[in-house]
Participant: 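Sharing a structure with you now.
Chain naming here is simple, since letters A, B, ... match the order of the sequence lines and numbering starts at 1 in each.
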Amino acid sequence: MLDIKFIRENKDIVAAGAKKKHIDIDIDALIGVDDKRRALVAEVDELRARQNKASDEIAGADEGTRVQKIAEMKVVKEILAQKEETLKPIMAEWQKRMVEVPNVPDMTVPEGESDAENQEIKTWGEKTQFPFQPKDHVELMAALGMVDFERGTKIAGFRGYVLKDDGVLLSFAIWNLALKFFADRGFSPMIMPSLARRENFLGTGFIPQGEEDLYKTQDGEYLAGTAEVATMGYHMDEVLQKENLPKKMLSFSPCFRREAGSHSRDVKGLIRVHEFYKWEQVILCEANHETSVRFHEELNRNTEEFIELLGIPYHTVVNCGGDLGLGQVKKYDIELWVPMEGKYREISSASYFHDFQTRRLNIRYKDAEGKMQFAHSLNSTAIPTPRILVSLIENYQQEDGSIVIPEALQSYMGKDKIVKKS
RNA sequence: GGAGAGGUGGCUGAGUUGGUCGAAGGCGACAGUCUUGAAAACUGUAGUCCCUUCACGGGGACCGUGGGUUCGAAUCCCACCCUCUCCGCCA
């Protein structure tokens, strides 16, 4: 959510921002509704002032004036009720339009309509060359008994999978290494609920626009597709201590995604599944653009360094306007090399929001002058499993079908190689 | 799932025969006095949001949330959410 005052005073900037994001929005219509809203609120406030004044007088009046005042106020009450009735639909429309207004993307965000126009800003590592015919992760992992897709779909349906044996060990090794790696960088580890109430999703901007991608329970909660939702909800309606900023949190949670609208994409393997696990970095910091930018770079760099520790070739892209979410100011995606697809695949997404989320979630702090400020929020994937296994397995495969374990993971894995059990 | 109790300002906690209650008291916080310094004591300040004003100020809203009754609601009624206690069930 943006500040209505900001929208009114900068409607060209807001409109241009929406256009850059390829989001269709009618700012003038919003301002028109807001004009009506303001006028009516002013009228209602004035009537209430009369009512309050009369109410005080009635309390101390003699019987005669009392009866007369009450009769007068009955009329005022009627008018007030009418005004409030008129205000109701206007407020509803105002709310609806306000949550549709996208945050303004940064100047440095490139133009473009879809992820095809994201711009590569960095590459790391050499694309893995194999002196033999390499295999894909599905074949490798199945042969090593690390995964069972057949029974996975038997149990869970489309996109189901079961990790087993070395697949499990490797997952835990990655989670443990990530926990150590990111905690050492000042992040406080947390295990977050995936099942969360609607306001968390509204606050983070996943609702109303992304509702069809969420699983919903019969009791009205939703299953989160990322721990970002719960981690941001953690401080909802709080006033944080300025000296506790920045708050750096590292959240683990199962993640659920319906993948509505991508039924024919990535139907094989561990790239796109309905249920996975993720460590997520979340930062709340003071409301300052430069601070947000600095932490954004830091978040993204953290994940890059983690991937470098795993030794997997990657590149980083800056997402174009059309590939940004409603609240995002700027976003970097880190994509890992997947040999058998011959392309980079997204593993991480780092974005900052300014106060777009915190305004909706009411997360504030008092600045040095004692003024209330909405904090700034940022988040980035630390590491998702099992998607990371796709690149790890394919890049580290050997001619005999075994998988060499990256050095950093070996102590957590308890071995340096995954070989076929005899 | 059944029975009961309750949700008030940073915290604690009064207020429930509706009318100067935005809300007593206590604690904490901040500023000052005292002190070599600190503590203690004493004095003073202080909620959030919206509208309006150059400013001083003025007006409105907020006592879990949303409705209702009333001239007027923290106080009465309804629904929902949450917390706590007991029973049942359960990893």
Participant: Less than 4.0 angstrom from a charged side-chain N to a carboxylate O is my criterion; do A:Glu305 and A:Arg185 meet it?
Facilitator: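 A salt bridge is present here (some side-chain N lies under 4.0 Å from a carboxylate O).
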
Participant: Would you indicate what A:Lys69 reaches in the nucleic acid, counting non-hydrogen atoms under 4.0 angstrom: base, sugar-phosphate, or nothing?
Facilitator: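 Counting heavy atoms under 4.0 Å across all strands, no contact is made by A:Lys69.
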
Participant: Who does B:U16 pair with, Watson-Crick or G-U, both distances under 3.5 Å?
Facilitator: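 Matched B:U16 with nothing under the 3.5 Å cut-off.
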
Participant: Between B:A14 and B:C63, how far apart are the two C1' atoms, rounded to whole Å?
Facilitator: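 Roughly 13 Å separates the two C1' atoms.
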
Participant: Could you name each residue pair satisfying salt bridge (charged side-chain N to carboxylate O under 4.0 Å, His left out) that touches residues 272-284 of chain A, not counting sequence neighbours?
Facilitator: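 Only A:Glu259-A:Arg272, A:Asp266-A:Arg272, A:Lys278-A:Glu280 qualify under salt bridge (charged side-chain N to carboxylate O under 4.0 Å, His left out).
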
Participant: For A:Lys371, which contact category applies under a 4.0 Å heavy-atom criterion: base, sugar-phosphate, or nothing?
Facilitator: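 Result for A:Lys371 = nothing.
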
Participant: Quantified in whole Å, what is the C1' atom distance between nucleotide B:G15 and nucleotide B:U8?
Facilitator: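 Between the two C1' atoms, the distance is 9 Å.
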
Participant: In whole Å, what separates the C1' atom of B:G7 from that of B:U17?
Facilitator: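 Those two atoms are separated by 23 Å.
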
Participant: A:His137 vs A:Phe149 aromatic rings, parallel, tilted or perpendicular, using cut-offs 30° and 60°?
Facilitator: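 Rings of A:His137 and A:Phe149: perpendicular, over 60°.
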
Participant: Tell me which of A:Ile58 and A:Lys5 sits closer to the 5' end of RNA chain B, going by the nucleotide each one is nearest to.
Facilitator: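 The residue mapped nearer the 5' terminus is A:Lys5.
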
Participant: Distance under 4.0 Å to a non-hydrogen atom of chain A counts as contact; along RNA chain B, which nucleotides mark the start and end?
Facilitator: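 That gives a stretch of B:G19 to B:C82.
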
Participant: Check residues 409-420 of chain A and write down every donor-acceptor pair under 3.5 Å in which the side-chain atom is one partner and the other belongs to a residue at least two apart or another chain.
Facilitator:
unit_1, atom_1, unit_2, atom_2, d
A:Gln410, NE2, A:Ile405, O, 2.9
A:Lys415, NZ, A:Asp166, OD1, 2.7
A:Lys415, NZ, A:Asp166, OD2, 3.4

Participant: So A:Arg66, base contact, sugar-phosphate only, or nothing? Heavy-atom distance under 4.0 Å.
Facilitator: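 Touches a base.
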
Participant: Work out how far the P atom of B:C56 is from that of B:A40, and round it to whole angstrom.
Facilitator: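 Here B:C56 and B:A40 have their P atoms 36 Å from each other.
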
Participant: With rounding to whole Å, what would you report as the distance between B:G47 and B:A23 at their C1' atoms?
Facilitator: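 It comes out at 11 Å once rounded to the nearest Å.
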
Participant: Could I get the full list of side-chain contact (heavy atoms from CB on, under 4.5 Å) partners for A:Gln241, not counting sequence neighbours?
Facilitator: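 With sequence neighbours excluded, A:Gln241 shows a side-chain contact (heavy atoms from CB on, under 4.5 Å) to A:Glu243, A:Asn244, given in chain and number order.
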
Participant: What interatomic distance, in whole Å, is found between P of B:U75 and the corresponding atom of B:U65?
Facilitator: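 B:U65 and B:U75 have their P atoms separated by 11 Å.
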
Participant: With nearest nucleotides of RNA chain B determined for A:Ala71 and A:Glu85 from heavy-atom distances, which residue corresponds to the more 5′ nucleotide?
Facilitator: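 Whichever sits nearer the 5' end wins; that is A:Glu85.
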
Participant: With both distances kept under 3.5 Å, what pairs with B:G4, Watson-Crick or G-U wobble?
Facilitator: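 Answer to the pairing question: B:C84, which forms a Watson-Crick or G-U pair with B:G4.
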
Participant: How would you list, by chain and number, every residue that makes a side chain to side chain donor-acceptor pair (under 3.5 Å) with A:Ser194, sequence neighbours excluded?
Facilitator: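 Applying side chain to side chain donor-acceptor pair (under 3.5 Å) to A:Ser194 gives none.
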
Participant: Can you tell me the Watson-Crick or wobble partner of B:A24, both distances under 3.5 angstrom?
Facilitator: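 For B:A24, the partner nucleotide comes out as none, under the 3.5 Å rule.
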
Participant: Using a cut-off of 4.0 Å on non-hydrogen atoms, how would the nucleic acid contact of A:Glu46 be classed: base, sugar-phosphate, or nothing?
Facilitator: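 Nothing, no nucleic acid heavy atom in range.
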
Participant: Write down the partner of B:A41 under the Watson-Crick or G-U wobble criteria, each distance required to be under 3.5 Å.
Facilitator: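 The base-pairing partner of B:A41, which may sit in any strand shown, is B:U33.
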
Participant: Taking any strand in view, what nucleotide pairs with B:A79 in a Watson-Crick or G-U wobble way, both distances under 3.5 Å?
Facilitator: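 Its partner is B:U65 (Watson-Crick or G-U wobble, both distances under 3.5 Å).
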
Participant: Remember a base hit wins even if backbone is also touched, and classify A:Ala49 as base, sugar-phosphate or nothing at under 4.0 Å, heavy atoms.
Facilitator: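 Touches sugar-phosphate only.
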
Participant: Using the C1' atom as the point on both nucleotides, what is the distance between B:G10 and B:C30, in whole Å?
Facilitator: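 Each nucleotide's C1' atom is 13 Å from the other's.
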
Participant: P atom, B:G4 versus B:A79: distance in rounded Å?
Facilitator: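 To the nearest whole Å, 14 Å.
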
Participant: The test is side-chain hydrogen bond (donor to acceptor under 3.5 Å, both in side chains); show your working for A:Asn302 and A:Gln281 and say whether it passes.
Facilitator: CA-CA 9 Å; A:Asn302 284 345; A:Gln281 309 175 74; 3.0 Å; yes

Participant: A:Asn52: what forms a side-chain contact (heavy atoms from CB on, under 4.5 Å) with it, not counting sequence neighbours?
Facilitator: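 Listed in chain order: nothing, the list is empty.
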
Participant: Under 4.0 Å between any heavy atoms, over every strand shown, what does A:Lys53 touch: base, sugar-phosphate, or nothing? Just pick one.
Facilitator: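 Nothing: the residue A:Lys53, judged by heavy atoms under 4.0 Å, touches no strand.
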
